[in-house]
Amino acid sequence: MDRQLDTKYDPTEVEGGLYRSWEDRGFFRATAETAQSPYVIVIPPPNVTNVLHMGHGLNNTLQDVLIRWRRMQGYDALWVPGTDHAGIATQNVVEREISESGLTRMDLGRDAFVERVWEWVDEYGGRIIEQLKAIGCSCDWERTHFTLDEGLSRAVREVFVRLYEKGLIYRGRYIINWCPRCATALSNEESEHREHEGGLYHIRYPLADRADHFVEVATTRPETMLGDTALAVHPGDERYAELVGSEAVLPLVGRHLPIVADHYVDPEFGSGVVKVTPAHDPNDFEIAGRHDLPAVDILTDQARISDQAPETYRGMDRFEARRRVLEDLEREGALIRTDKHMHSVGHCYRCDTVVEPRLSLQWFVRMEPLAEPALRAYREGKLRFHPERYGRIYEHWMENIRDWCISRQLWWGHRIPVWYCRDESCGEMVVSREDPDECPGCGAALVQDPDVLDTWFSSWLWPFSTLGWPDDTPDLRAFYPTSTLSTAAEILFFWVARMVMAGYEFMGDLPFTDVLIHGTVRDHLGRRMSKSLGNGIDPLEVVELFGADAMRFTLMRGAPLGTDLQLNYEDLDSAFRVGRNFANKIWNASRFSLPYLTEQDTGSLAGQQLELSDRWILSRLEHATRDVTAALEEFRFQEAAELLQGFVWNEYCDWYLELVKGRLDGGRGEASRAAAAGTLAFVSRGWLRLLHPIMPFLTETLARKIPGESDETTLVMGPWPIATGEWSDPEAEGALAELQEFVGVVRNLRSEYNVDPGARVPVHVRIQSDSLALALQAEQDGAFRLARIGELGDIAPQDAGEPGAHAVLRSGSEVFLPLTGVIDLDQERARLESEIERLEKLLRGAWAKLENPSFLERAPAEIVEREREKAMSLGEQRDRLVGKRSELGSAAP
RNA sequence: GGGCGAAUAGCUCAGCCUGGUUAGAGCGCCUGCCUUACAAGCAGGAAGUCGGGGGUUCAAAUCCCUCUUCGCCCACCA
């Protein structure tokens with residue numbers, strides 16, 4: 001009934017089915033055996049616990065654009081998908097779930113808990129894959145991997161053993177970041193520092209041999225004093241020189257603390273005396289190492305006070321203990337004062353709990369040897385970052401690389417392949433690719449290390465483990481190294497840098513050549529999208545409302561590389577309108593043009609009597625092809641999208657379609673019709689292809705409607721249009737530029753229209769282009785002039801002055817270009833005035849410049865010439881407007 | 001404490017590397033149009049001291065210095 005509905009593009013109708021048909025026909029598959037020129041992307045594996053948010057939407061759209069584009073170009077494009085087991089995150093989710101029935105993982109026991117996590121993963125883990133399909137990602141799903149699946153687990157174990165055998169993995173007691181909520185160690189990267197206002201507490205420690213003398217010590221974490229085992233001063237600090245070697249007494253505890261001299265201490269800061277807490281501060285730990293001091297770990301795994309501390313504090317939460325320690329110090333008169341103090345505090349990147357630096361026995365990877373080739377690859381230009389500045393950040397991190405704590409006190413993850421002999425007197429430790437049965441030293445039973453590996457210890461192998469490593473597979477030979485890696489800046493260190501290191505270490509080559517860093521999607525307050533803030537935008541909701549193509553196009557248009565982009569849920573409609581409107585425009589343009597085409601029209605353009613407008617749009621397509629290709633080559637997605645929008649909307653729709661309207665129905669003869677139809681088919685095929693990587697569903701749907709194309713037609717497999725230069729046509733472009741100016745003249749005409757001031761007169765302009773002919777129709781009577789038209793060089797008005805008459809420049813068919821407008825003469829006069837004023841100002845500037853001797857002497861000749869021409873044209877414009885003004889003036893009463 | 005980025009129209013952003021048209025786009029806004037592909041449209045229009053200051057230059061949104069505001073990253077000063 002409602003015909004208007006048909007005029008709207010309904011993406012949901014086509015997207016799902018189309019995707020399945022692509023998938024069913026294996027278009028996304030790559031074959032190693034036949035791959036000649038591979039183009040490979042490995043997906044940053046989303047956490048299995050994740051649901052898609054707009055950040056994924058952006059990242060995966062970028063990757064899909066690249067993959068689809070390269071595939072069309074004839075590359076053997078492979079996009080390897082998969083998910084990450086995300087140790088802590090996933091374990092947390094399942095722990096939370098079982099806690100609803102009052103259970104902890106301890107209640108279940110390790111095996112049952114892990115089983116439970118697997119069940120969870122099996123049930124929900126695939127969601128994100130389905131979501132990626134919904135936004136059109138053309139991954140090779142048959143190569144989907146999971147960081148905890150069998151092959152990748154084998155790779156992880158192989159890597160662990162190799163690094164261990166090479167001496168690059170070691171176990172030791174060091175200060176690590178401990179998350180008390182997750183009850184596990186974290187790597188440095190997993191501890192996020194945030195500024196925090198806390199107190200700087202000044203405490204007096206009495207000297208052991210002179211009880212009435214004190215030294216002042218400042219700390220931000222007073223509860224850690226329970227674990228103090230020394231005080232330290234700078235060796236050159238004269239104030240304390242005589243104290244070195246003597247002892248102080250630890251308040252509240254009574255332990256005697258040696259006073260040592262160490263260069264670490266900054267005599268300028270505070271009192272110049274530092275309390276040394278080796279178990280809870282990395283610097284103190286090092287001081288302790290240099291001075292052979294004991295470490296007292298005063299915290300339990302849950303960050304409660306341990307039994308290493310005086311009884312009164314035991315079992316207290318660390319923050320409660322802090323209050324109590326301060327109260328007790330105050331009562332004893334040992335708290336001198338409290339200053340406000342800004343300092344940065346580490347937080348767990350998964351649960352945001354404040355982490356504690358804590359002495360702990362953990363496994364580490366020695367990173368420096370691995371960093372060396374990774375650093376060199378960047379410096380030699382083999383590894384490129386886009387935008388470039390991220391390369392310097394990478395370089396800085398690599399130069400200051402620190403060992404990587406890889407053990408985690410979790411149950412969900414890759415178990416550390418290390419076994420210890422049950423017989424403590426034997427002390428044997430086995431690091432093995434296969435599970436050993438008994439101690440090779442004494443034959444006793446073995447017990448496996450209870451810990452699992454950092455989740456990134458499997459992700460860092462992703463570019464080659466997904467291709468079959470450690471086996472020498474055809475995939476690995478064909479597709480490694482990969483091409484482009486696309487990700488957000490936040491996992492540059494976690495993942496990107498480590499992949500480069502692993503690539504060199506285990507494959508002898510870098511894992512990818514180009515790293516694309518896109519911006520973070522934020523809300524209007526600049527906050528990252530997150531579930532907890534509730535500001536996330538679900539791409540599926542956007543797909544439902546606007547379609548996947550609209551979402552993809554909008555993201556491409558608004559996402560310059562490396563710059564964050566702001567999206568707000570409230571502005572969803574206004575934000576994605578860009579893409580939706582464009583999709584609709586394309587839909588309607590095709591709805592108009594395609595029915596005119598016959599099968600014969602879709603053949604070669606050779607032999608057609610192409611007219612000016614045909615040659616023009618072909619030429620413009622040529623430019624668009626070249627520019628879009630160049631933009632994609634340099635990862636300028638925003639520009640590619642903008643170019644396509646400009647071409648399709650402003651050139652193809654606004655001009656070409658209007659210009660051929662009169663020809664397609666055969667009104668100007670068969671030759672003209674055929675030329676128009678042929679051009680239309682050719683040009684449509686061209687820009688549908690150029691647009692396909694960004695808007696795959698819509699373009700494919702429309703391409704299949706081109707007569708002569710069967711349902712088997714697919715843009716997915718290409719070919720990508722090539723700018724051959726064949727259609728570059730300066731003459732056509734010049735003529736169309738003239739036509740555009742012609743429309744400008746029409747605008748001027750309206751202002752010169754001889755009507756009463758304030759009258760509103762719709763003016764229809766009839767243009768015969770190709771022929772640059774023009775007609776004006778007045779819908780009400782009145783004199784009708786075409787005076788200005790004659791100024792357009794060739795245009796020779798015929799029958800000027802007659803309503804409905806038209807002027808013909810060259811022979812050609814007539815097209816109808818409606819340019820309806822309303823003129824308010826007063827307004828027009830005011831506009832003219834300000835325009836003249838502006839021009840005169842510019843003119844004065846231009847002449848001043850041209851009279852400036854230093855400009856004439858120093859500026860390059862071509863610049864001077866350009867400026868001279870500019871001044872001339874400004875003068876002409878001014879004169880024309882002045883003339884117009886006087887005409888208008890005469891029209892006024 | 002170091003480093004990086006951003007600041008251009010009401011909003012979201014291009015342009016800056018490589019200085020030289022009247023600084024652009026989309027959205028929004030105003031005016032007029034349901035013109036036979038599209039009102040998710042068409043035709044017009046208003047709107048910017050390019051964050052402030054200084055410098056280089058014949059010429060600066062663009063290069064240099066500096067300041068301010070916002071954001072990010074790195075860092076073991078208790």
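Order of the sequence lines fixes the chain letters, A, B, ..., with proteins taken first and strands second; residue numbering starts at 1 for each chain. Computed from a predicted model, the values in this text were never measured in an experiment. When reading the values below, keep in mind they use all heavy atoms of this one structure, side chains included, and skip hydrogens, waters and symmetry mates.
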Is it the case that the side chain of [X] and the backbone of [Y] share a donor-acceptor pair, with hydrogens and angles ignored and the cut-off at 3.5 Å?
{"X": "A:D549", "Y": "A:L698", "value": "yes"}
{"X": "A:T224", "Y": "A:R221", "value": "yes"}
{"X": "A:H234", "Y": "A:V265", "value": "yes"}
{"X": "A:T554", "Y": "A:G579", "value": "yes"}
{"X": "A:S271", "Y": "A:E216", "value": "yes"}
{"X": "A:H347", "Y": "A:V345", "value": "yes"}

Rounded to the nearest angstrom, tell me the gap between atom [atom1] in [X] and atom [atom2] in [N].
{"X": "A:E192", "N": "B:C72", "atom1": "CD", "atom2": "P", "answer": "11 Å"}
{"X": "A:I517", "N": "B:C72", "atom1": "CD1", "atom2": "P", "answer": "17 Å"}
{"X": "A:L702", "N": "B:C38", "atom1": "CG", "atom2": "P", "answer": "16 Å"}
{"X": "A:F592", "N": "B:C42", "atom1": "CZ", "atom2": "P", "answer": "14 Å"}
{"X": "A:N650", "N": "B:G41", "atom1": "CG", "atom2": "C1'", "answer": "13 Å"}
{"X": "A:R868", "N": "B:U21", "atom1": "CZ", "atom2": "P", "answer": "17 Å"}
{"X": "A:M551", "N": "B:A40", "atom1": "CE", "atom2": "P", "answer": "23 Å"}

How far, in whole Å, is [M] from [N] if one measures between their [atom1] atoms?
{"N": "B:G55", "M": "B:C11", "atom1": "P", "value": "31 Å"}
{"N": "B:U18", "M": "B:A43", "atom1": "C1'", "value": "39 Å"}
{"N": "B:C17", "M": "B:U62", "atom1": "C1'", "value": "9 Å"}
{"N": "B:C34", "M": "B:A46", "atom1": "C1'", "value": "25 Å"}
{"N": "B:G51", "M": "B:G10", "atom1": "P", "value": "13 Å"}

Subject >> Pair A:Q638, A:R557: side-chain N/O donor-acceptor within cut-off below 3.5 Å >> reply: no
Subject >> Side chains of A:E190 and A:Y349, donor plus acceptor under 3.5 Å >> reply: yes
Protein-nucleotides 75-78 of chain B N/O pairs closer than 3.5 Å?
unit_1: B:A75; atom_1: OP1; unit_2: A:R402; atom_2: NH2; d: 2.7
unit_1: B:A75; atom_1: N6; unit_2: A:S344; atom_2: OG; d: 3.3
unit_1: B:C76; atom_1: OP1; unit_2: A:R402; atom_2: NH1; d: 3.1
unit_1: B:C76; atom_1: O2'; unit_2: A:N283; atom_2: ND2; d: 2.7
unit_1: B:C76; atom_1: N1; unit_2: A:N283; atom_2: OD1; d: 3.1
unit_1: B:C76; atom_1: O2; unit_2: A:N283; atom_2: OD1; d: 2.8
unit_1: B:C76; atom_1: O2; unit_2: A:N283; atom_2: ND2; d: 3.4
unit_1: B:C77; atom_1: O2; unit_2: A:D266; atom_2: OD2; d: 2.9
unit_1: B:C77; atom_1: N3; unit_2: A:D266; atom_2: OD2; d: 3.1
unit_1: B:A78; atom_1: O2'; unit_2: A:A218; atom_2: O; d: 2.6
unit_1: B:A78; atom_1: N6; unit_2: A:D266; atom_2: O; d: 2.6
unit_1: B:A78; atom_1: N6; unit_2: A:F269; atom_2: O; d: 2.8
unit_1: B:A78; atom_1: N1; unit_2: A:D266; atom_2: N; d: 3.2

Original post:
Salt bridge or not for A:R498 and A:E189, using N-O below 4.0 Å?
Top reply: yes
Subject >> Charged N-O contact under 4.0 Å between A:E634 and A:R636 >> reply: yes
Subject >> Side chain of A:Q638 (C-beta onward), nearest among B:A37, B:G26, B:A14 >> reply: B:A14
Original post:
For the side chain of A:R557, counting heavy atoms from C-beta on, which of B:G26, B:A37, B:A40 is nearest?
Top reply: B:G26
Subject >> Chi angles and distances behind the side chain to side chain contact (heavy atoms under 4.5 Å, CB included) call for A:Y656, A:L680 >> reply: CA-CA 9 Å; A:Y656 186 68; A:L680 206 49; 3.6 Å; yes
Original post:
According to the Watson-Crick and G-U wobble definition with distances under 3.5 Å, which dot-bracket string, read 5' to 3', encodes RNA chain B, using [ ] for crossing pairs and | for pairs with another strand?
Top reply: (((((((..((((......[...)))).(((((.......))))).....(((((..]....))))))))))))....
Distances under 3.5 Å between nitrogen or oxygen atoms of protein and nucleotides 27-29 of chain B:
unit_1: B:C27; atom_1: O2'; unit_2: A:S574; atom_2: OG; d: 3.2
unit_1: B:G28; atom_1: OP1; unit_2: A:R577; atom_2: NH1; d: 2.3

Subject >> All ring-ring contact (aromatic ring centres under 6.0 Å, His included) counterparts of A:F592, not counting sequence neighbours >> reply: A:Y596
Could I get a table of every N or O pair under 3.5 Å where one atom is in the protein and the other is in nucleotides 15-18 of chain B?
none

Original post:
Which of these passes side-chain contact (heavy atoms from CB on, under 4.5 Å) with A:M225: A:L329, A:V217, A:T277, A:L257?
Top reply: A:L329
Original post:
Does any pair with a residue in residues 275-287 of chain A pass salt bridge (charged side-chain N to carboxylate O under 4.0 Å, His left out), and if so which ones, sequence neighbours excluded?
Top reply: A:D228-A:K275
